[in-house]
Amino acid sequence: MKSSNAILRYLIAVIIYGTIGFFLHYVNARSEFVVLCRGAIGSLFIGLIMIVTKRTPDIKAIMKNIIPITVSGIALGLNWVFLFEGYRYGVAIASLCNYIAPIVVVIISSLFLKERLTKAQTACVVCAFIGIVS
């Protein structure tokens, strides 16, 4: 059984995430600027949490993984820019396109990285796609 504190945190996160389309609709700022602000505010908040909880980042692990971390950060930033720009044309379509991403990744990884998909994985991809288009 989950604690009420964990459920409350989850609900707050969902509410914050769910407001971005509404926020972008009424704010006359470029998507790139919104992403920059969101990243900066998030970084400051995480820094504050680390200070309050007296945690320190593992610099050694960060430096060991600096290239994947940087590539992941760029990919996430671009994802947000495209998603937020898409919200300006319609929240439903932008969200739908965003939710197709995992399906695309599975298909591309099987094609380019030669990963073998099991029957169960293929069935899951087909079901996910049917769920998106229905």
Side-chain angles (χ1 to χ4, degrees):
M1 183 169 156
K2 291 185 178 183
S3 72
S4 60
N5 190 21
I7 293 171
L8 179 64
R9 284 193 225 171
Y10 176 75
L11 287 174
I12 290 170
V14 168
I15 290 168
I16 290 170
Y17 182 78
T19 60
I20 195 68
F22 177 80
F23 176 78
L24 287 171
H25 183 72
Y26 290 103
V27 172
N28 190 19
R30 293 180 54 120
S31 297
E32 297 89 344
F33 180 73
V34 174
V35 168
L36 178 66
C37 290
R38 185 176 176 167
I41 291 168
S43 297
L44 291 172
F45 185 74
I46 290 172
L48 179 66
I49 295 296
M50 289 183 75
I51 289 169
V52 169
T53 59
K54 296 182 170 92
R55 293 187 178 182
T56 58
D58 186 352
I59 302 298
K60 191 181 215 182
I62 292 170
M63 294 312 294
K64 181 180 176 186
N65 297 294
I66 194 70
I67 292 174
I69 290 170
T70 302
V71 171
S72 297
I74 291 169
L76 180 62
L78 288 172
N79 179 344
W80 282 355
V81 168
F82 296 139
L83 178 62
F84 295 170
E85 193 61 31
Y87 281 158
R88 296 188 190 285
Y89 298 97
V91 173
I93 297 298
S95 295
L96 186 63
C97 290
N98 193 46
Y99 293 140
I100 289 175
I103 296 171
V104 172
V105 168
V106 169
I107 292 169
I108 288 175
S109 68
S110 68
L111 295 175
F112 292 107
L113 301 177
K114 306 296 185 218
E115 291 188 14
R116 310 270 299 152
L117 291 179
T118 65
K119 289 179 183 179
Q121 290 170 325
T122 304
C124 289
V125 167
V126 169
C127 287
F129 186 74
I130 289 169
I132 289 173
V133 298
S134 63

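Bear in mind that the values here come from a model prediction, so they are computed numbers and not experimental data. Side-chain atoms are counted along with the backbone in the values below, which use heavy atoms only and exclude waters and symmetry mates.
The shortest heavy-atom contact between A94 and G86 is CB-C, 3.4 Å. A pairwise comparison of heavy atoms in T19 and I16 identifies OG1-O, 2.7 Å as the closest pair. Taking every heavy atom of both residues into account, I62 and I69 meet most closely at O-CD1, 3.9 Å.
Summarising the geometry, atom CZ belonging to F45 is positioned 11.5 Å from atom CD1 belonging to I41; distances are rounded to the nearest 0.5 Å. With rounding to the nearest 0.5 angstrom, the CG atom of L36 is 11.0 Å from the CH2 atom of W80. The OG atom of S72 lies 12.0 Å from the CG atom of N79; values are rounded to the nearest 0.5 Å. Interatomic distance, CD of E32 versus CG of L78, reported as 9.5 Å (0.5 Å rounding).
Criterion: ILVMFWY side-chain heavy atoms under 4.5 Å apart, direct or through other members. Under it, L96 and V125 are part of a common hydrophobic cluster. V27 and Y87 fall within a single hydrophobic cluster, where Ile, Leu, Val, Met, Phe, Trp and Tyr side chains are chained together by heavy-atom contacts under 4.5 Å.
The 12-atom threshold is exceeded at CG of L111, counting heavy atoms of other residues, nucleotides or ligands nearer than 6.0 Å.
Checking L76, V71, T70 one by one against I74, the side-chain contact (heavy atoms from CB on, under 4.5 Å) holds for a single residue, T70.
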Can I get a per-line list of side-chain donor-acceptor pairs under 3.5 Å for residues 46-57, giving both atom names and the distance, sequence neighbours left out?
residue: T53; atom: OG1; partner: I49; partner atom: O; Å: 2.8

Contacts table for residues 102-110: side-chain donor-acceptor under 3.5 angstrom, sequence neighbours left out:
residue: S109; atom: OG; partner: V105; partner atom: O; Å: 3.1
residue: S109; atom: OG; partner: V106; partner atom: O; Å: 2.9
residue: S110; atom: OG; partner: I107; partner atom: O; Å: 2.7

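Within the structure, side chain to side chain donor-acceptor pair (under 3.5 Å) pairs that include any residue of residues 111-132 comprise T118-Q121 (at least two apart or interchain).
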